[in-house]
Amino acid sequence: QVHLVESGGGSVQSGGSLRLSCAASEYTYNNYCMGWFRQAPGKEREGVAAIDNDGNTNYADSVKGRFTISQDNAKNTLYLQMNSLKPEDTAMYYCALEGAYYHGGPPLEDYEYTSWGQGTQVTVSS
């Protein structure tokens with residue numbers, strides 16, 4: 001079981017930026033996907049961005065052009081750079097990992113992922 005730990009959340013004003021990190025315990029998957037998901041109070045969890053071992057990325061329409069997902073394989077760390085934050089981005093953000101490769105690109109559906117972190121809170125005030 002891979003252990004994932006998110007960090008970097010906080011409170012910012014609308015228009016601000018945050019960078020989330022997700023440190024993964026060592027894993028031996030040759031093929032994998034990692035993703036960022038978020039869940040706001042009273043809402044379902046939604047996929048935000050995902051990346052696979054080939055560097056293919058996938059973004060939710062609501063964050064395209066504002067968020068960037070990246071990874072540092074040497075550090076086993078996943079990042080989410082969030083710019084131009086909006087109040088509607090307020091949520092608990094989770095990272096997830098799945099040891100599989102999807103030919104259609106890394107998925108944003110949470111049921112495709114089996115390893116999850118505990119989350120980090122992002123609050124954007126207007």
Side-chain angles (χ1 to χ4, degrees):
Q1 184 74 18
V2 179
H3 186 54
L4 304 173
V5 179
E6 302 94 336
S7 61
S11 297
V12 296
Q13 290 191 328
S14 182
S17 298
L18 283 173
R19 188 176 83 154
L20 305 184
S21 299
C22 173
S25 60
E26 190 171 338
Y27 55 88
T28 58
Y29 299 124
N30 290 325
N31 297 316
Y32 65 84
C33 296
M34 293 192 76
W36 287 100
F37 296 79
R38 66 187 181 187
Q39 187 167 22
K43 294 187 177 181
E44 293 187 355
R45 186 166 56 190
E46 62 172 347
V48 174
I51 191 167
D52 65 21
N53 53 282
D54 281 343
N56 298 307
T57 58
N58 192 8
Y59 293 93
D61 288 342
S62 59
V63 306
K64 283 181 181 177
R66 299 190 299 123
F67 291 10
T68 303
I69 190 171
S70 61
Q71 59 188 344
D72 184 333
N73 292 329
K75 296 181 179 179
N76 275 4
T77 301
L78 180 73
Y79 301 100
L80 184 68
Q81 178 67 43
M82 305 186 296
N83 298 328
S84 302
L85 282 162
K86 304 175 181 180
E88 51 264 44
D89 295 318
T90 295
M92 184 71 77
Y93 282 71
Y94 302 89
C95 71
L97 168 72
E98 177 61 24
Y101 183 84
Y102 295 81
H103 291 282
L108 293 177
E109 292 79 14
D110 58 0
Y111 56 78
E112 298 285 3
Y113 294 82
T114 53
S115 297
W116 290 84
Q118 294 300 306
T120 185
Q121 177 68 37
V122 172
T123 302
V124 184
S125 58
S126 57

Transitively linked via ILVMFWY side-chain contacts under 4.5 Å: Met34 with Val2?
yes

Pairwise side-chain contact, Thr120 with Ser7, heavy-atom cut-off 4.5 Å (strictly under)
no

For Gln81, the side-chain hydrogen bond (donor to acceptor under 3.5 Å, both in side chains) test, sequence neighbours excluded, returns Asn83

Contacts satisfying disulfide bond (SG atoms under 2.5 Å apart) that involve residues 36-126 (not counting sequence neighbours) are Cys22-Cys95

Residue pairs passing the ring pair (Phe, Tyr, Trp, His ring centres under 6.0 Å) test with at least one member in residues 105-126, sequence neighbours excluded, are Phe37-Tyr113, Phe37-Trp116

Residues at least two apart in sequence or cross-chain that pass side chain to side chain contact (heavy atoms under 4.5 Å, CB included) with Gln39, listed by chain then number, are Arg45, Tyr94

Ignoring hydrogens and geometry, is there a side-chain-to-backbone donor-acceptor pair from Asn58 to Pro106 under 3.5 Å? yes

message = Do Ile69 and Leu78 have side chains that approach each other closer than 4.5 Å (heavy atoms only, starting at C-beta)?
response = yes

For Glu46, the salt bridge (Lys or Arg N to Asp or Glu O under 4.0 Å) test, sequence neighbours excluded, returns Arg38

Please say whether more than 12 non-hydrogen atoms of neighbouring residues, nucleotides or ligands are located less than 6.0 Å from CG in Asn73. yes

Sorted by chain and residue number, the ring pair (Phe, Tyr, Trp, His ring centres under 6.0 Å) partners of Tyr32 (sequence neighbours excluded) come out as Tyr27

OG of Ser126 to CD of Gln13, rounded to nearest 0.5 Å, is 9.0 Å

For Leu108, the hydrophobic cluster (side chain heavy atoms closer than 4.5 Å, chained through members) also holds none

Checking the side chain of Glu6 only, and the main-chain atoms of Gln118 only, is there a donor and an acceptor separated by less than 3.5 Å?
yes

Between Tyr101 and Asn56, is any pair of side-chain heavy atoms under 4.5 Å apart?
yes

| said: If you count heavy atoms of other groups shown closer than 6.0 angstrom to CD of Gln121, is the number above 12? | reply: yes

The side chain to side chain contact (heavy atoms under 4.5 Å, CB included) partners of Val124 (sequence neighbours excluded) come to Val12, Ser14, Leu85, Pro87, Asp89, Thr90, Val122

Residue pairs passing the disulfide bond (SG atoms under 2.5 Å apart) test with at least one member in residues 34-87, sequence neighbours excluded, are none

Here the disulfide bond (SG atoms under 2.5 Å apart) pairs for residues 28-72, sequence neighbours left out, are none

Nearest heavy-atom contact between Ser70 and Ile51 is CA-CD1, 4.2 Å

For Glu98 and Thr114, test the side chains for any donor-to-acceptor distance below 3.5 angstrom and give the result as yes or no. yes

When you measure from the side chain of Asp52 to the backbone N and O of Asp54, does any donor-acceptor pair fall under 3.5 Å? yes

What one should report as the nearest heavy-atom pair of Leu97 and Leu4 is N-CD1, 3.9 Å

Side chain to side chain contact (heavy atoms under 4.5 Å, CB included) filter on Lys64, not counting sequence neighbours, yields Tyr59, Asp61

Taken to the nearest 0.5 Å, the spacing of Leu80 CG from Tyr93 OH works out to 7.5 Å

Cluster membership besides Tyr102, Ile/Leu/Val/Met/Phe/Trp/Tyr side chains within less than 4.5 angstrom, sorted by chain and number, is none

To the nearest 0.5 Å, atom OG1 of Thr77 lies from atom CG of Asp72 at 6.0 Å

